[in-house]
Amino acid sequence: MVILMVLIAVPSIGQRIKISNAKIITPYNIIDNGTILIENGKITAVSDKNLLFENAQVIDAGGRYASPGFIDIHTHGGSGYDFLDGTVEAILGIAELNARHGTTLVYPSTASCSNEDLFKFFEAYREADKLNVKGAALGGIYIEGGYLNMEMRGGQDPRYISNPTREDFISILNKGGDIIKRWGFAPELPGASELMDELNARGIQMSLAHTAALYEEAREAFNRGMNSITHFYSLTSTVTRRNALRYAGVIEAGYLFDDVYVEAIADGVHLPEPLLRLIYKVKGPDRIILVTDAMRGAGMPEGSEVILGSRSDGITVIIEDGVAKLADRSSFAGSIATADRLVRTYMQKAGVEMIKAVQMITLTPAQLMKIDNRKGSIAVGKDADIILFDNDINVSMTMIDGKIIYSK
Ligand SMILES: [Zn+2]
C-alpha cells in the first residue's frame, strides 16, 4: 500500500515523455514544430507550442514526422518466418520486423491449414503475447483460410479448403474465440450464413475473402454483418457474363456500398497505379485499409529463396523486384511489403498526400476494428503508439504505450 502511494505521488521519469520538434500528423492537419506529452503510456497533450514538462524524458524528433503507429490487419510473415510455423520464435520474429517498419499493432494472419496446426498457432500466440517486448503489439488473430472458394484459392492449400460447418467453426471458436478478431471467408459457400450469424453475435469482424460471389450474394453478406473485402482485386470476383447477361461481382459491390472497407496491398506490384487511383477515387481514405499481406520474404534481401506456406511441404519461391515469385517466374507468390512501403507507394504512385496515406493504415483500420477510442491517431487520451519517420517514410523510432521498442 505504501509503495503504491509513493508511485502515484512521484511518477518516475520513464513515465513522463516529451516529444519535441516534430511534424505531428493528426487526423486533421500536420502541426509543424509540435510537442507531444505522454504520461503513463497515454498522450496527454498535443500542441504547436513547446510545452514545459518537468521531470520528463525528452525525445527531440529533429524535425521528423511524428505519426500514429501503423496498424496492419493482414499479414502472414516476414524475416523468414510464417505465423503458422506455430512457434513463439516465429511470432516474435515477425512482430519485431513489423516494429522496425513502423507497425505498432499487428493482426497475425493464418492460411488454410489443419485444425491441429491452427490450434498449435493459438497456443504459441498466447505465449508470444506474454513475452513480446520488442515487437509490434498483437491485436488478435485474422483467420484467412479454410472457408474459401476453391476456384479463388490462389496460393492457399486446397487440402484444407472446405465449406463451413457448425461443428468445425465452433471447435475453432472454442479454442480461440477470445483471440480471433477477424475472419475472412467466401460468403457464397453453403453454410456461410450460419457462420456470419455466429461471428456477428461474437463481435468478430468479417471480411469477404477469396470469393467468387455475385453482387447479390455480397449484398446479402453485408446485410449479415460482413463489412470489408480482403485484398481488393486479388481473388475477388468482378463482372462475369453468363449466357447473354452480365452480372456484377464483389468488386462492384465494394464500390457501391459506401460503408464497406476494402484492403489494398499497396506494394506497387499487386495493384498497378491506375487501380490505386481508382480505389482511392471511389472509396477514399476513410474506407481503404493498407495491408501488407506479407509472407516469409518480407524483410529478406533480393535474390533470397524462401518457402511459401508450411515449412514441411511448402514450395520454394524467390524474392525478386520487391515481390515473391514462383521459381519459374510465371506468377507472384505473395507480397513482401512492410507497412512503411505501402504508405510510400500510395504517395508516390497515386499522388496521395501523406496525411491521407497515413490515415489508411492508422485511423481507418482502427475504426474497422473498433479500437479507435484508443488507437489510430495522435490525440489526447489515446495510447502513445507513435513513430518517427522522414519525408521518405524511413522509420527511425517506434513507441508503443509510451515505451520505445525500436530506434536507430
Ligand atoms: Zn489471401
Side-chain angles (χ1 to χ4, degrees), residues 72-78 81-85 94 106-113 117-118 121 140-162 164 172 180-189 192 195 199 204-213 218 221 226-238 249-251 254 260-267 269-271 275 279 288-298 306-310 314-315 317 323-326 331-339 342 361 365 368:
D72 192 354
I73 62 169
H74 182 174
T75 185
H76 300 271
Y81 298 114
D82 187 295
F83 284 118
L84 280 178
D85 290 348
I94 301 165
V106 65
Y107 289 74
S109 309
T110 67
S112 301
C113 64
D117 282 349
L118 194 61
F121 165 62
I141 291 169
Y142 169 43
I143 302 272
E144 191 200 22
Y147 310 141
L148 311 177
N149 189 311
M150 190 61 97
E151 286 170 25
M152 298 297 234
R153 67 182 180 277
Q156 300 251 7
D157 191 334
R159 290 175 299 172
Y160 304 111
I161 290 176
S162 65
I172 294 170
I180 296 169
K181 298 295 179 197
R182 310 187 67 206
W183 201 316
F185 55 93
E188 69 275 22
L189 298 179
L195 175 63
L199 297 183
I204 295 174
Q205 195 274 323
M206 300 182 284
S207 195
L208 283 78
H210 295 254
T211 166
M226 298 189 83
N227 67 342
S228 70
I229 300 174
T230 292
H231 44 57
F232 206 48
Y233 281 106
S234 294
L235 304 162
T236 41
S237 53
T238 182
V250 166
I251 295 290
V260 170
Y261 294 79
V262 298
E263 294 183 3
I265 308 174
D267 63 350
V269 183
H270 283 76
L271 292 166
L275 290 183
I279 300 169
I288 299 171
I289 296 175
L290 307 186
V291 299
T292 62
D293 191 15
M295 48 86 75
R296 291 178 196 277
V306 291
I307 297 166
L308 174 65
S310 143
I315 55 166
V317 301
V323 68
K325 297 178 183 174
L326 295 183
S331 172
F332 293 153
S335 150
I336 60 157
T338 45
L342 307 177
I361 193 161
L368 174 75

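In each ligand, atom 1 is the first atom listed, and ligand 1 is the first ligand listed. These figures come from a predicted structure and were not determined experimentally.
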Engineer: Taking atom types as modelled and ignoring hydrogens, do the side chains of S228 and Q205 form a donor-acceptor contact shorter than 3.5 angstrom?
Structural biologist: yes
Engineer: Could you walk me through whether H210 and N149 pass the side chain to side chain donor-acceptor pair (under 3.5 Å) check?
Structural biologist: CA-CA 6 Å; H210 295 254; N149 189 311; over 6 Å; no
Engineer: Ignoring water, what protein N, O or S atoms are under 2.8 Å from the Zn ion (ligand 1)?
Structural biologist: E144 OE2, H210 NE2, H231 NE2
Engineer: With D85, which residues qualify under salt bridge (Lys or Arg N to Asp or Glu O under 4.0 Å), at least two apart?
Structural biologist: R296, R311
Engineer: Would you tell me whether S109 and T75 have side-chain atoms, one donor and one acceptor, within less than 3.5 Å of each other?
Structural biologist: no
Engineer: Under the salt bridge (Lys or Arg N to Asp or Glu O under 4.0 Å) test, which residues partner E263, sequence neighbours left out?
Structural biologist: R182
Engineer: Who pairs with L326 by side-chain contact (heavy atoms from CB on, under 4.5 Å), at least two apart in sequence or on another chain?
Structural biologist: I315, V317, D328, S330, S331, A333
